[in-house]
Amino acid sequence: IKTFATMEFERLKEQIMKDAETRVETARHDYNCGMRDCKAGIFDKWFRYNHADNGRAYEIGWMEQNEETNNEHVQFIGGE
């Protein structure tokens, strides 16, 4: 028999898991955006100021792509 507290904990656990899945999806999207923007020679500071990870996933994608792209000149956008 599940108690009220046990059921509440299960609901809490489900919400935490759902929130984590959403954060992973957002990070994957931002990572891909970083790779795309690096190819285009831009760096969008918007991700740094508007995401819970302070743009970390975007920056990782950007840095990974730049190992191949080797941008010497980058246009910084966003962040205002």
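Just so you know, residue 1 is the first one in the sequence shown, and it goes up from there.
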Peer 1: Just checking Q15: does its CD atom have more than 12 heavy atoms from other residues, nucleotides or ligands closer to it than 6.0 angstrom?
Peer 2: yes
Peer 1: Give the minimum heavy-atom separation between N54 and E59, together with the two atoms involved.
Peer 2: O-OE2, 4.4 Å
Peer 1: Got a second to check how far E68's CD is from K39's NZ, nearest 0.5 Å?
Peer 2: 7.5 Å
Peer 1: Do the charged groups of R11 and E14 touch, with an N to O distance under 4.0 Å?
Peer 2: no
Peer 1: Take atom CE of M17 as the centre, draw a 6.0 Å sphere, and report whether it contains more than 12 heavy atoms from other residues, nucleotides or ligands.
Peer 2: no
Peer 1: Which value, rounded to the nearest 0.5 Å, describes the distance between I16 atom CD1 and K13 atom NZ?
Peer 2: 10.0 Å
Peer 1: Sort out for me which residue in F47, Y49, Y31 forms a ring-ring contact (aromatic ring centres under 6.0 Å, His included) with Y58.
Peer 2: F47
Peer 1: What are the two closest heavy atoms between R23 and A52, and how far apart are they?
Peer 2: NH2-CB, 4.4 Å
Peer 1: Ignoring hydrogens, what is the shortest heavy-atom contact between I42 and I77? Give both atom names and the distance.
Peer 2: CD1-CD1, 3.9 Å
Peer 1: Roughly how far apart are D30 CG and W62 CH2, rounded to 0.5 Å?
Peer 2: 16.0 Å
Peer 1: Nearest 0.5 Å, please: how far is NE2 in H29 from CZ in R36?
Peer 2: 6.5 Å
Peer 1: Drop me the distance from D53's CG to R48's CZ, to the nearest 0.5 angstrom.
Peer 2: 10.5 Å
Peer 1: If two hydrophobic side chains count as joined below 4.5 Å and joins carry through other members, does F9 share a cluster with F4?
Peer 2: no
Peer 1: Which heavy atom of A27 sits nearest a heavy atom of A57, and at what distance?
Peer 2: O-CB, 3.4 Å
Peer 1: Roughly how far, to the nearest 0.5 Å, is CG of D37 from CE of M35?
Peer 2: 11.5 Å
